[in-house]
Amino acid sequence: MFEFKVIAQCPVTGARAGEFTTPHGVIHTPVFMPVGTLATVKAMSPDELETIGSQIILGNTYHLYLRPTPEIIAKAGGLHSFMNWKRPILTDSGGFQVFSLARLQKITDKEVICRSHIDGSLLTMSPEWSMNMQGVLGSDIAMCFDQCCEYPATHEKAEDAVRRTTIWAKRSREYFMANNDTGKQALFGIVQGSVYDDLRRRSAEEICGMDFPGYAIGGLSVGEEHSAMYHSLDVLNEIMPKDKPRYLMGVGYPPNIVEGIARGVDMFDCVMPTRNGRNATVFTSFGRLNMRGASHAEEFFPMDSECDCYACRNFSRSYLRHLAMCGEILGARLFTWHNLRFTIRIAEKAREAIIAGKFPEFLRDFTERFRDDNSNSDS
RNA sequence: GGCGGAAUGGCCGAGUGGUCAAUGGCAACAGACUGUAAAUCUGUCGACGGGAGUCUACCAUGGUUCGAACCCAUGUUCCGCCA
């Protein structure tokens with residue numbers, strides 16, 4: 001269980017294709033994992049997620065702790081059973097909420113004391129709390145409780161987050177080994193370090209020295225330039241274990257995924273396909289489209305004629321824009337459907353290309369075709 | 001036919017002598033969204049101009065006033081109530 005096998009590697013870039021075995025099935029990498037924070041990938045049923053090729057989805061410790069509460073999930077028999085999802089689940093530790101809900105909390109090495117964003121009640125999060133909760137959830141992959149550093153951050157602040165993340169990783173691992181079912185759940189470590197090479201190296205050394213079955217790269221895609229993200233991935237690609245899966249947390253944006261794969265990343269997750277979908281922005285093989293745009297009003301053809309998703313096979317841009325303008329719930333569903341399928345397909349195509357020995361060509365073609373005039377990135 | 005009320009920018013609707021090119025909301029247009037406090041948020045929104053600014057505007061016409069979306073007169077249209 002939790003064996004990672006690299007089955008093909010790109011001889012030019014760092015890209016690799018692999019298989020990661022979990023209790024709920026084998027995950028073929030590279031893989032994009034839809035985010036289902038509250039035990040639902042917003043707007044999609046489990047059936048539909050399977051249809052579009054979702055191999056694994058995410059759940060969130062903090063959010064599920066508040067609602068419906070661990071008691072209810074335990075009674076339901078765990079998260080898989082509760083939400084009727086039969087494939088693997090990865091749970092985030094709540095570490096990201098230490099970052100995203102920063103205004104509501106106080107952080108010490110011991111714990112994070114924060115206020116619920118729902119009713120303001122006091123809540124104490126810690127590595128032990130997170131491991132316990134993730135045990136209740138029964139995810140296939142649990143994540144260490146970490147501190148995601150904001151961007152920009154001074155070297156001093158980033159270093160403190162690295163230091164604390166290592167302390168918390170040790171405690172996460174100890175509690176996990178003693179209390180969780182290690183036959184059914186794997187715990188991944190998380191590397192921090194912001195955009196500082198020395199901190200990335202130090203964090204990778206400390207975290208990867210703890211022998212986790214997989215390693216995540218956290219603290220990126222938080223506002224830094226794309227070039228900075230790619231540089232950090234280059235640094236980490238050299239030093240992270242090659243025989244373990246690598247998970248770039250919170251990415252993402254289609255070009256970031258492709259560039260991440262080129263730098264040896266195997267797993268990705270991001271709210272972008274689902275959130276942007278609900279807000280009527282879609283990704284296509286030739287770039288990004290705001291489907292509310294007046295220019296689509298009389299376009300009686302698909303969003304992306306190369307896409308094999310339900311929305312692109314059955315509906316015109318004109319109709320989809322109409323749904324978006326009316327705020328119809330079907331619009332949100334179809335855009336989400338498309339974006340998830342498109343993003344999952346990127347990973348599938350990358351995998352096929354790696355196995356076929358044609359990843360550099362895939363990378364070049366994708367980058368040339370994916371135009372995003374509005375992107376303020378430098379990539 | 002009589003009495004009363006109302007007419008404001010694409011729509012609804014504030015304003016009731018100067019600080020009003022005119023609050024809000026909606027619509028429209030554009031933008032943002034990267035381990036989800038997001039089916040959310042931001043900007044623009046009379047015309048021309050890069051801007052300073054200029055022009056045209058609160059049903060119509062005339063008037064009062066230094067000054068009117070706001071006061072007066074007449075007209076037009078609409079809405080009530082009574083015949």
Side-chain angles (χ1 to χ4, degrees), chain A residues 32-44 56-64 66-67 90-105 114-120 130 139 141-149 151 188 190-192 216-226 229 247-257 259-260 265 267-283 288-297 321 323-336 339 343 372-377 379:
Chain A
F32 177 78
M33 311 182 281
V35 177
T37 304
L38 283 160
T40 168
V41 175
K42 295 185 194 296
M44 298 289 286
I56 169 172
I57 62 173
L58 263 67
N60 186 280
T61 299
Y62 165 82
H63 290 278
L64 294 170
L66 293 178
R67 290 188 301 205
L90 181 150
T91 42
D92 190 26
S93 62
F96 188 70
Q97 279 63 47
V98 176
F99 161 78
S100 66
L101 303 175
R103 282 177 210 115
L104 303 173
Q105 64 191 356
C114 79
R115 294 203 169 270
S116 154
H117 70 281
I118 297 164
D119 65 3
S130 179
S139 51
I141 302 172
M143 300 303 299
C144 280
F145 191 69
D146 67 326
Q147 183 181 353
C148 179
C149 194
Y151 181 87
F188 279 24
I190 303 176
V191 174
Q192 288 290 339
I217 300 159
L220 290 177
S221 62
V222 287
E224 77 283 4
E225 296 283 287
H226 289 171
M229 179 196 297
Y247 161 29
L248 177 55
M249 307 184 84
V251 171
Y253 179 62
N256 292 169
I257 292 177
E259 295 291 342
V265 176
M267 304 163 69
F268 302 84
D269 81 282
C270 193
V271 304
M272 195 174 266
T274 44
R275 181 183 289 168
N276 282 29
R278 290 194 305 284
N279 295 326
T281 296
V282 297
F283 298 101
R288 188 165 62 160
L289 294 177
N290 178 351
M291 287 305 297
R292 280 188 320 235
S295 61
H296 306 304
R321 168 182 136 92
L323 294 180
M325 294 309 281
C326 296
E328 281 294 331
I329 198 164
L330 180 61
R333 271 174 47 66
L334 292 175
F335 293 134
T336 299
N339 277 346
T343 310
D372 192 343
D373 298 336
N374 296 318
S375 175
N376 54 9
S377 77
S379 65

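First the proteins, then the strands, lettered A, B, ... as listed; each starts at 1.
Residue Met44(A) contributes atom CE, which lies 15 Å from atom C1' of A39(B) at whole-angstrom precision. For the pair Arg292(A) CZ and C33(B) C1', the computed distance is 11 Å after rounding to whole Å. Phe96(A) places its CZ atom 13 Å from the C1' atom of A38(B), with the value rounded to the nearest Å. Following rounding to the nearest Å, Asn279(A) (CG) and C33(B) (P) show an atom-to-atom distance of 11 Å. Protein atom CE of Met143(A) is 13 Å distant from nucleotide atom P of G35(B), rounded to whole Å. In this entry the distance linking CE of Met325(A) with C1' of C26(B) reads 13 Å, nearest Å. Here the C1' atom of nucleotide U34(B) and the CG atom of Asn276(A) are 9 Å apart, to the nearest Å. Between the NE2 atom of His63(A) and the C1' atom of A37(B) there is a distance of 7 Å, given to the nearest Å.
In this entry C45(B) has no Watson-Crick or G-U wobble partner, no candidate having both defining distances under 3.5 Å. Base pairing of U74(B): its partner is A60(B), meeting the Watson-Crick or G-U wobble criterion (both donor-acceptor distances under 3.5 Å). Pair assignment for C3(B): G80(B), on the basis of Watson-Crick or G-U wobble contacts that are both within less than 3.5 Å. The partner of C26(B) is G10(B), judged by Watson-Crick or G-U wobble contacts that both fall below 3.5 Å. In this entry G51(B) has no Watson-Crick or G-U wobble partner, no candidate having both defining distances under 3.5 Å.
Atom NE2 of His63(A) sits about 9.0 Å away from atom CG of Asp92(A), to the nearest 0.5 Å. Within the model, atoms CD of Gln97(A) and CZ of Phe99(A) stand 10.5 Å from one another, a figure rounded to the nearest 0.5 Å. Here the straight-line distance linking atom OG1 of Thr61(A) with atom CE of Met143(A) works out to 10.5 Å at 0.5 Å rounding.
Nucleotides A68(B) and U61(B) have their C1' atoms positioned 15 Å apart, rounded to a whole Å. Spacing between U56(B) and G49(B) at atom C1', rounded to whole Å, works out to 15 Å. Between the P atoms of C70(B) and C59(B), the separation comes to 8 Å (whole Å). Between the C1' atoms of C78(B) and C33(B), the separation comes to 47 Å (whole Å). Here the separation of U23(B) from A39(B), taken at their P atoms, is 30 Å to the nearest Å. Between A57(B) and A22(B), the two C1' atoms lie 10 Å apart (nearest whole Å).
The residue among Cys326(A) and Gly36(A) whose nearest nucleotide of RNA chain B lies closer to the 5′ end is Cys326(A). Comparing Cys149(A) and Asn290(A) against RNA chain B, the residue whose closest nucleotide sits nearer the 5' end is Asn290(A).
Residue Arg288(A) places at least one side-chain N or O under 4.0 Å from the OP1 or OP2 atom of A32(B).
Residue-to-nucleotide contacts include no donor-acceptor pair under 3.5 Å from the side chain of Asn60(A) to the base of G35(B). Side-chain to base pairing of His226(A) with U34(B): one donor and one acceptor N or O lie within less than 3.5 Å of each other. No N or O donor and acceptor, one from the side chain of Ser100(A) and one from the base of U36(B), sit under 3.5 Å apart.
Asn60(A) places no side-chain N or O within donor-acceptor distance of the main-chain N or O of Thr37(A), the cut-off being under 3.5 Å. In this structure, the side chain of Gln192(A) does not engage the main chain of Ile190(A) through any donor-acceptor pair within 3.5 Å.
Residue contacts shown for Leu58(A) are limited to sugar-phosphate atoms, with no base heavy atom under 4.0 Å away. Gly293(A) comes within contact range of the sugar-phosphate backbone alone, with a heavy-atom separation under 4.0 Å but no base atom that close. Within the nucleic acid shown, Thr274(A) comes within 4.0 Å of at least one base atom, counting heavy atoms only. Using a 4.0 Å heavy-atom criterion, one finds that Ala332(A) contacts no nucleic acid atom at all. Within the nucleic acid shown, Thr281(A) comes within 4.0 Å of at least one base atom, counting heavy atoms only. At a threshold of 4.0 angstrom between heavy atoms, the contacts of Gln192(A) include nucleobase atoms, whether or not backbone atoms are also involved.
Of the candidates U34(B), A39(B), G35(B), the closest approach to any side-chain atom of Ile329(A) belongs to A39(B). When distances run from any side-chain atom of Lys42(A) to the nucleotides A32(B), G35(B), A39(B), the shortest one goes to A39(B).
Met272(A) has its side chain out of reach of Thr343(A): every pair of non-hydrogen atoms, C-beta onward, lies at least 4.5 Å apart.
Annotation: His117(A) is in aromatic contact with Tyr62(A) [ring centroid separation under 6.0 Å].
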